[in-house]
> 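I have a structure here, written as structure tokens, and I will follow up with some questions on it.
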Amino acid sequence: MTESETKAGATVANGFGMPPLRFKLAFPGVFGDLLSETYSSSARSATDYGLKVIEISNANTASAIDFFAHLLGSKSVTDVFALSAVQARKGFDTASAQNKELWALAQKLAVDTGEPVRKRVAKVFQKVS
């Protein structure tokens, strides 16, 4: 994209040449606070989940590189099969543990996302009672 195309694109919002829709949603205080709390807790939990996925990816990559390094050093077909069997078992056990960790983080994300809403609803019902 050339500089002139970039400048021209800045004034056109979409391919149809229509102006961009710009609006803000204004929520009353309670709903705005609720939305803010929900977003904050969701963002934290989603970040934790993403970091765990990156950590798992790094560990799996390192494991695969180690496995291939051992395969290159093997001296017979029997060694290759033995290393492959060990790696398969290790991979299964590791994947099982990693899935448990990700499941726990996903559950935490769901709980953290719903917690501010649950607290607000509970306060409303306490006031009504």
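Residues: numbered from 1 along the sequence shown. All figures in this text were calculated on a predicted structure; none of them were measured in a lab.
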> Could you grab the distance from atom CG of Asn99 to atom OG1 of Thr94, nearest 0.5 Å is fine?
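Reported value, rounded in 0.5 Å steps: 10.5 Å.
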> Lys108: which residues meet the salt bridge (charged side-chain N to carboxylate O under 4.0 Å, His left out) condition with it, sequence neighbours left out?
Asp112
> My understanding is that a hydrophobic cluster links ILVMFWY residues whose side chain heavy atoms are under 4.5 Å apart, including indirect links. Using that, what else belongs to the cluster containing Val77?
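Traced through the cluster, Val77 reaches Phe81.
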> Can you list the residues that meet the side-chain contact (heavy atoms from CB on, under 4.5 Å) rule with Val53, with sequence neighbours excluded?
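For Val53 the side-chain contact (heavy atoms from CB on, under 4.5 Å) partners, ignoring immediate neighbours, are Tyr49, Ser57, Leu102.
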> How would you list all residue pairs meeting salt bridge (charged side-chain N to carboxylate O under 4.0 Å, His left out) that involve residues 50-73, not counting sequence neighbours?
Lys52-Glu55, Lys52-Glu101
> According to salt bridge (charged side-chain N to carboxylate O under 4.0 Å, His left out), does anything in residues 91-100 pair up with another residue at least two apart or in another chain? List the pairs.
Arg89-Asp93
> Under 4.5 Å between side-chain heavy atoms, chaining through other members, with only Ile, Leu, Val, Met, Phe, Trp and Tyr counted: pull out the rest of the cluster around Val86, sorted by chain and number.
none
> Listed by chain and number, what are the side-chain hydrogen bond (donor to acceptor under 3.5 Å, both in side chains) partners of Ser63, not counting sequence neighbours?
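With neighbours one apart ignored, the set is Gln87.
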> Which other residues belong to the hydrophobic cluster containing Phe68, where Ile, Leu, Val, Met, Phe, Trp and Tyr are joined when side-chain heavy atoms lie under 4.5 Å apart, directly or via other members?
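Reading the cluster by chain and number, Phe68 sits alongside Phe67, Leu71, Val80, Leu83.
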> Please name all residues satisfying side-chain contact (heavy atoms from CB on, under 4.5 Å) with Thr78, sequence neighbours left out, ordered by chain then number.
Ser76
> Can you name the residues that form a side-chain contact (heavy atoms from CB on, under 4.5 Å) with Thr113, not counting sequence neighbours?
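Thr113 satisfies side-chain contact (heavy atoms from CB on, under 4.5 Å) with Thr38, Ser42, Leu109 only.
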> Side-chain heavy atoms under 4.5 Å apart, restricted to Ile/Leu/Val/Met/Phe/Trp/Tyr: what other residues fall into the cluster of Phe92, or is it alone?
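In the cluster with Phe92 there is nothing else; it is isolated.
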